[in-house]
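First up is the structure itself, then whatever we jot down about it.
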Amino acid sequence: MALELIPAGADNVLIVRLSGKLTGADYKQFVPVIEQAIARYGKLRLLVEMHDFHGWDADALWQDVKFDFKHFNDIERLAMVGETTWQHWMATICKPFTTAKVRYFEPGDIDAARQWVEQP
């Protein structure tokens, strides 16, 4: 699977690990888990780790757009950890599609990303 969800220390924090290419099937598993967490905790904080990540297929991209519009206000902080220039660029591009505070981190700064996403 190209997407893995991992609970973090705080209830409202999830770690999302992305690799390979996301498909629509990945979103069918991912979205219900995120929506359950939103229903339970309210605003979420996400730490997205991208390792050998190659983007989305057409169905996954459409699912991502729908998710972003539906949950525009439901993400409080979004830390993105990536390896490439386009992943850094993606962190900037996603800002208009969420009210979340968004920051990009290099792979060596994963601990700083986790601290930032979990801080009060």
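For clarity, every value in this text was computed on a predicted model and none was experimentally measured. We number each residue from 1, following the sequence as shown. These values consider heavy atoms only, across backbone and side chains, with no hydrogens, waters or symmetry-generated copies.
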Original post:
By side chain to side chain donor-acceptor pair (under 3.5 Å), which residues pair with T98, not counting sequence neighbours?
Top reply: none
Original post:
Does M80 belong to the same Ile/Leu/Val/Met/Phe/Trp/Tyr cluster as I34, with side-chain heavy atoms less than 4.5 Å apart forming each link?
Top reply: yes
**OP:** Report yes or no: do V102 and V81 belong to one cluster of Ile/Leu/Val/Met/Phe/Trp/Tyr joined by side chain heavy-atom distances under 4.5 Å?
**Re:** no
Original post:
Is it the case that one hydrophobic cluster holds both L46 and W56, taking links as side-chain heavy atoms less than 4.5 Å apart, direct or via other members?
Top reply: yes
Listing, residues 61-78 side-chain donor-acceptor contacts under 3.5 Å, not counting sequence neighbours, or none:
from: Q63; atom 1: NE2; to: D59; atom 2: OD1; distance (Å): 3.4
from: D64; atom 1: OD1; to: Y27; atom 2: OH; distance (Å): 2.7
from: K70; atom 1: NZ; to: E35; atom 2: OE2; distance (Å): 3.0
from: H71; atom 1: ND1; to: D74; atom 2: OD2; distance (Å): 2.7
from: H71; atom 1: NE2; to: E35; atom 2: OE2; distance (Å): 2.9
from: N73; atom 1: OD1; to: T99; atom 2: OG1; distance (Å): 3.4
from: E76; atom 1: OE1; to: R45; atom 2: NE; distance (Å): 3.1
from: E76; atom 1: OE2; to: R45; atom 2: NH2; distance (Å): 3.4
from: R77; atom 1: NH1; to: W116; atom 2: O; distance (Å): 2.9

Subject >> E106: partners by salt bridge (Lys or Arg N to Asp or Glu O under 4.0 Å), with sequence neighbours left out >> reply: none
Original post:
Which pairs with one or both residues in residues 47-57 pass salt bridge (charged side-chain N to carboxylate O under 4.0 Å, His left out), sequence neighbours excluded?
Top reply: R17-E49
Subject >> Distance-minimising heavy-atom pair for A79 and A113 >> reply: CB-O, 4.0 Å
Original post:
With Q115, which residues qualify under side chain to side chain contact (heavy atoms under 4.5 Å, CB included), at least two apart?
Top reply: none
**OP:** Looking only at non-hydrogen atoms, find the nearest pair between G82 and P107 and report the distance.
**Re:** O-CD, 2.9 Å
Original post:
When hydrophobic residues are tied together by side-chain contacts of less than 4.5 Å, even through go-betweens, does V33 share a cluster with V48?
Top reply: yes
Original post:
Under the side chain to side chain contact (heavy atoms under 4.5 Å, CB included) test, which residues partner A37, sequence neighbours left out?
Top reply: L14, Y41, L44
Subject >> Stepwise side chain to side chain contact (heavy atoms under 4.5 Å, CB included) check, F30 with V16 >> reply: CA-CA 9 Å; F30 162 72; V16 181; 4.3 Å; yes
Original post:
With a 4.5 Å heavy-atom cut-off, do I110 and L47 have their side chains touching?
Top reply: yes
Subject >> Rounded distance (nearest 0.5 Å) linking atom NE2 of H54 with atom CG of L22 >> reply: 11.0 Å
**OP:** Just jot down the side chain to side chain donor-acceptor pair (under 3.5 Å) partners of D111, sequence neighbours excluded, or say none.
**Re:** none
Subject >> I15 with F53, same ILVMFWY side-chain cluster at under 4.5 Å >> reply: no
